[in-house]
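This one's a predicted model, so the numbers in the text were calculated from it and none came from an experiment. Chain A is the first sequence line, chain B the second, and so forth, proteins listed ahead of strands; every chain is numbered from 1.
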Protein chains: 2
Amino acid sequence: MSRSSARAKFRYEHARPSVTVDMVVLTVVDFDLKLLLIERGQEPFEGHWALPGGFVQVGDGIEDQGEDLDVAAVRELQEETGLSARDVFLEQLYTFGKAGRDPRGRVVSVAYYALVPADRVPRVRAGDDAADATWISVSRLDRIDLAFDHADIIALAVERIAGKIEYDLRLAMSLVPRSFTKAELRRVFEVVTGNDYDKSNFNKRFNRMIEDGVIVDAPGKRAGSGPGRPAHLYAFAGKRLAGL
Amino acid sequence: MSRSSARAKFRYEHARPSVTVDMVVLTVVDFDLKLLLIERGQEPFEGHWALPGGFVQVGDGIEDQGEDLDVAAVRELQEETGLSARDVFLEQLYTFGKAGRDPRGRVVSVAYYALVPADRVPRVRAGDDAADATWISVSRLDRIDLAFDHADIIALAVERIAGKIEYDLRLAMSLVPRSFTKAELRRVFEVVTGNDYDKSNFNKRFNRMIEDGVIVDAPGKRAGSGPGRPAHLYAFAGKRLAGL
DNA sequence: CCAAAAGTGTTAACAGTACACCCATGC
DNA sequence: GCATGGGTGTACTGTTAACACTTTTGG
């Protein structure tokens with residue numbers, strides 16, 4: 001008995017749902033939390049805005065079981081934005097599987113979120129089955145027609161990130177440019193959480209990270225821009241400085 | 001054109017994975033964090049221990065899209081333990097979807113965890129395709145042959161709960177009996193996190209919860225048990241006291 | 001000099017930690 | 001009485017929060 005038939009013998013025979021990955025791609029630009037949305041070019045929800053995403057490749061399901069969920073997420077991100085896994089912070093968010101969430105049939109969607117640094121935000125444009133693609137301010141989402149249950153997915157992503165940025169430094173690290181000022185980092189926190197942070201108190205946290213070696217001085221200085229005293233530039237020690 | 005054919009027109013035609021829910025059912029008894037495991041009676045992994053779980057019912061996928069993921073989790077819990085959703089704290093954990101995690105074919109598994117109060121721990125026994133079922137101490141899991149990637153799922157659940165119990169009171173609420181002593185609550189925290197908590201300092205947190213009305217005095221008193229001064233009994237205000 | 005933005009210092013309140021001590025019960 | 005576990009008090013430390021203040025730049 002060959003191995004494949006030995007496997008096939010135990011094959012499940014139940015009805016199966018489709019499985020997709022949906023990507024909540026976020027970045028902070030211009031004092032604003034922005035989200036990548038695709039305008040659907042097909043039914044259902046033609047003309048509505050939706051999260052980028054697509055089907056998980058499953059192979060024949062026996063010999064070739066297809067791609068990992070994480071790989072599917074990275075692939076979708078690459079296809080829609082050109083970004084690679086090294087450029088962003090990517091993490092699974094939640095799996096949405098209510099019956100009826102897609103009128104075409106049963107679809108279970110594994111949602112991921114991706115945080116894009118401000119200095120790597122790609123220009124986006126219409127793709128295969130997308131009529132259009134743009135970055136939309138999260139604060140203006142209520143005026144937008146979203147497809148499927150994507151409003152729920154986005155709301156959960158924003159809530160999760162707002163909570164997690166306080167204790168997981170990687171989130172802020174992955175939203176800020178390679179070199180950044182104290183005020184820029186602070187504004188990332190403010191935009192993501194919706195809170196105001198006292199400048200002095202925030203700087204104390206910041207200075208502690210310098211003492212701990214988490215943050216280091218950035219080599220160059222930024223071109224003198226607006227009015228007021230020019231700010232020091234810093235960088236996270238870990239990776240991004242030497243990374244690329 | 002009937003509604004069903006209008007929908008069928010848009011039906012997805014991709015290869016689809018099977019989707020299951022796996023349940024990490026935990027409780028704290030006898031100073032120990034315990035986990036419900038099933039001994040598999042069939043290949044693959046016959047004789048190995050596995051998490052309770054099963055397929056998500058999908059219906060025909062068009063007119064009837066089957067059950068929600070959450071409903072599937074509640075149903076599996078009920079089938080294996082007799083517990084209802086009201087008895088436990090139930091939450092989605094993570095979705096495991098690596099290719100090759102099940103030798104029979106592509107399976108995406110949505111993992112949930114359920115926390116069972118110490119006074120509602122059901123007796124369990126062998127079921128349909130389970131040779132046996134028991135509560136096993138999490139600290140002794142390294143000696144046990146686990147099926148599939150269930151060791152990873154359990155590890156993630158334990159880690160998540162250990163982190164979350166510190167800031168989400170619902171977890172401790174759902175592990176402790178309807179009425180409980182300060183020491184019992186403290187031991188739940190100790191067993192779940194693996195830390196030691198200073199009695200006095202823990203009691204301060206506890207007393208603050210009383211001031212805030214989160215915890216109230218429990219009516220009766222417990223039968224005099226061991227040596228030493230008998231402890232006061234308390235209950236969480238919210239629900240469990242009046243709940244049933 | 002003035003506006004604007006960067007950056008520092010001071011204080012009080014609060015929460016966490018370590019540790020010593022007292023109270024009530026069974027035997 | 002004494003062992004056992006329940007329960008409290010105190011002093012120290014570190015973090016947070018509010019707010020006033022100084023520094024450096026462009027015009």
Value in whole Å for how far the C1' atom of D:dG6 lies from CG of B:Leu185: 15 Å
Touch class at under 4.0 angstrom, heavy-atom based, for B:Arg186 against every strand present: nothing
Validation row: A:Thr81, A:Val88 side chains within 4.5 angstrom (heavy atoms): no
Sugar-phosphate only, base, or nothing, as touched by A:Arg205 at under 4.0 Å among non-hydrogen atoms: nothing
C:dA18 base / B:Asn201 side chain donor-acceptor hit below 3.5 Å: yes
Whole angstrom value for the distance that separates P of D:dG6 from CD1 of B:Ile210: 15 Å
Atom-pair distance (CZ on B:Phe206; C1' on D:dT8), nearest Å: 15 Å
Base D:dT4 paired with B:Lys199 side chain (donor-acceptor, <3.5 Å): no
Nearest-angstrom distance from the residue atom CG of B:Asn207 to P of D:dG9: 9 Å
A:Arg187 side-chain proximity, nearest of C:dA6, D:dG9, C:dG7: C:dA6
Selected nucleotide, minimal atom distance to A:Asp198 side chain, candidates D:dC19, C:dA18, C:dA24: D:dC19
Touch class at under 4.0 angstrom, heavy-atom based, for B:Lys182 against every strand present: sugar-phosphate
Parallel, tilted or perpendicular, as decided by the 30° and 60° cut-offs, for the rings of A:Phe202 and A:Tyr197: perpendicular
Nearest-Å distance for atom pair CD/C1', residues A:Glu211 and D:dG14: 13 Å
Residue closer to the 5' end of DNA chain C, A:Lys204 versus B:Pro227 (nearest nucleotide): A:Lys204
Ring centre gap for A:Phe96 and A:Phe148 strictly below 6.0 Å: no
Ion pair A:Lys164/A:Glu91, N-O distance below 4.0 Å: yes
Nearest-nucleotide 5' precedence on DNA chain D, B:Arg229 against A:Gly228: B:Arg229
Phosphate OP1/OP2 of D:dG6 contacted by B:His232 side-chain N/O (<4.0 Å): no
Closest to side chain of A:Ser200, choosing from D:dA20, D:dG9, C:dG16: D:dA20
Integer-rounded Å distance: D:dA18 C1' and A:Tyr197 OH: 16 Å
Protein-nucleotide distance (A:Asn195, atom CG; D:dA18, atom P), rounded to Å: 11 Å
B:Phe202 CZ to C:dA18 P, straight-line distance once rounded to whole Å: 16 Å
Aromatic A:Phe189 / basic A:Arg205 pairing, under 6.0 angstrom, 45° off normal: yes
Given C:dG7, D:dT8, C:dA4, the nucleotide with the shortest approach to the side chain of A:Asn203: C:dG7
